[in-house]
Amino acid sequence: MGKGHGFGKVIMFGEHFVVHGVPGIASATSLSTEAIVKKFKGPGLNVIDNRKGTEGYTQSKKEQQKESLEYTLKAMSIDLKKNPMEITLGGDLPVFSGIGASAASAVAIARAISDEFRMNLSDERINEIAYEAEKAYAGNPSGIDNTAATYGGLIWFMRGAPSKMERLKIKNPVEIVMGNSGVVADTKEVVAGVAERKQKNPQKYDKIFKDAEELVHKARKSLERFDLKTVGELMNENQKLLQEIEVSGKELDFLVKLARDKGAWGAKLTGGGVGGCMVALTPRKELQEKVASAMEKEGFKVLRMKIG
Ligand code: MEV
């Protein structure tokens, strides 16, 4: 039997822009997905998915999960005909869109297979395999999700050849709230939609992408100075840019407004958008609780977490 885990993530700055080479800032969640791999009578592959989350998520991602597993096995040179296996997914990370559930499972599965077959793969190699697996879910992923899922912590990520990851240090961990819109989104479609609109409207999009790049550098400096007021303001500005590239949604905008009305220092969608999750900066437990419970009162699922 082989075992592995992968962290969830919350993108604080730069989703979508990061696909096109703008840096992004993400934090791994303390919640993670666990995978167990066992030998199986066969034929082929049996997947048991015990993860909890948004209704319809597992069903709507079934085909992408199958494709993702094919990419994983190919990258790991495993022949299912010779090695039929059963993969069980669990852990405390809920499968919401926007929380990096696909990357967390990709990393967990790669680690569990490596463990089962005594491959002893490095984190770097696990991250590469998970990147391949992510292509099934995101089409043209930047790599930020699988990198956060592999290494954990608060990271600065820039896509490139090779991509660059730096760890960010902040003075103290900070409370955040993640609110789930309850809408399952197809990241692949949303990512492709941005690329299409960017190509059709180069002038408009070049300006927005330039603003996003300036913003993420300011955000890094503010985080490192522990200037949370500015971090919050920049999250609000980031949300405006995400609305301009048309990746927000009715439920997300509602939750973002609700969080700000309840005193959050900043709020924006996080991850692929359209549906999925938003994140609110809520320093101190009392504010975190106030914002989280207001969302719960409206019937939304929330996670109370810390970054840094
Ligand atoms: C999805 O969590 C983040 C996106 O920027 C896609 C990616 O970076 O691969 C939308």
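Indexing begins at 1, ligand by ligand and atom by atom, following the structure's order.
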A.B. asks: Take atom CZ in R284; do more than 12 heavy atoms of anything else shown fall under 6.0 Å from it?
C.D. replies: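 Not buried by this count: 12 neighbours or fewer within 6.0 Å.
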A.B. asks: Does a donor on one side chain sit under 3.5 Å from an acceptor on the other, for E132 and T72?
C.D. replies: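 Judged by distance alone, the side chains do not pair up.
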A.B. asks: What residue and heavy atom of the protein are closest to atom 6 (C) of ligand 1, and at what distance?
C.D. replies: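 Heavy-atom neighbour on the protein nearest atom 6 (C) of ligand 1: V19 CG2, 3.8 Å.
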A.B. asks: At a 4.0 Å threshold, what atoms of ligand 1 neighbour a non-hydrogen atom of V18?
C.D. replies: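 Matching atoms, with element in brackets: 5 (O), 8 (O).
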A.B. asks: Taking R220 first and then E166, would you say they form a salt bridge - that is, a charged N and a carboxylate O separated by under 4.0 Å?
C.D. replies: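 Counted as a salt bridge, because a side-chain N and a carboxylate O are separated by less than 4.0 Å.
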A.B. asks: For atom 1 (C) of ligand 1, what's the nearest protein heavy-atom neighbour? Residue, atom name and distance, please.
C.D. replies: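 Minimum-distance protein heavy atom for atom 1 (C) of ligand 1 reads D145 OD2, 3.5 Å.
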A.B. asks: Among G100, S142, A101, which residue places a heavy atom closest to atom 7 (C) of ligand 1?
C.D. replies: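 Result: the heavy atom closest to atom 7 (C) of ligand 1 is in S142.
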A.B. asks: Measuring from the heavy atoms of K9, does anything fall under 4.0 Å of ligand 1?
C.D. replies: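 Heavy atoms of K9 do come under 4.0 Å of ligand 1.
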A.B. asks: What about E15: any of its N or O atoms under 3.5 Å from an N or O on ligand 1?
C.D. replies: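 In fact, backbone or side chain, E15 has no N or O that close.
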A.B. asks: Please confirm whether H16 comes within less than 3.5 Å of ligand 1 when only nitrogen or oxygen atoms on both sides are compared.
C.D. replies: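 Yes.
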A.B. asks: For ligand 1, does I11 get within less than 4.0 Å through its side chain, its backbone, both, or neither, judged by non-hydrogen atoms?
C.D. replies: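 The side chain, only.
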A.B. asks: Using a strict 4.0 Å cut-off to heavy atoms of P141, name the atoms of ligand 1 that fall inside it.
C.D. replies: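 It comes down to these atoms of ligand 1: 9 (O).
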A.B. asks: Give a yes or no on whether a salt bridge exists between E175 and R304, defined as a side-chain N under 4.0 angstrom from a carboxylate O.
C.D. replies: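 Salt bridge absent between E175 and R304.
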A.B. asks: Just to verify, which of I48, V95, I109 counts as forming a side-chain contact (heavy atoms from CB on, under 4.5 Å) with L89?
C.D. replies: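 Testing L89 for a side-chain contact (heavy atoms from CB on, under 4.5 Å) against I48, V95, I109 leaves exactly one candidate, I109.
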A.B. asks: Output the list of atoms in ligand 1 that are nearer than 4.0 Å to some heavy atom of I144, sorted by atom number.
C.D. replies: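 Answer for ligand 1: 8 (O).
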A.B. asks: Taking a hydrophobic cluster as the set of Ile, Leu, Val, Met, Phe, Trp and Tyr residues connected by side-chain heavy atoms closer than 4.5 Å, whether directly or through intermediates, do V274 and I208 fall within one such cluster?
C.D. replies: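 In one cluster: yes.
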A.B. asks: Is the number of heavy atoms from other residues, nucleotides or ligands within 6.0 Å of NZ (K262) greater than 12?
C.D. replies: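 Atom NZ in K262 is not packed in, count stays at 12 or less.
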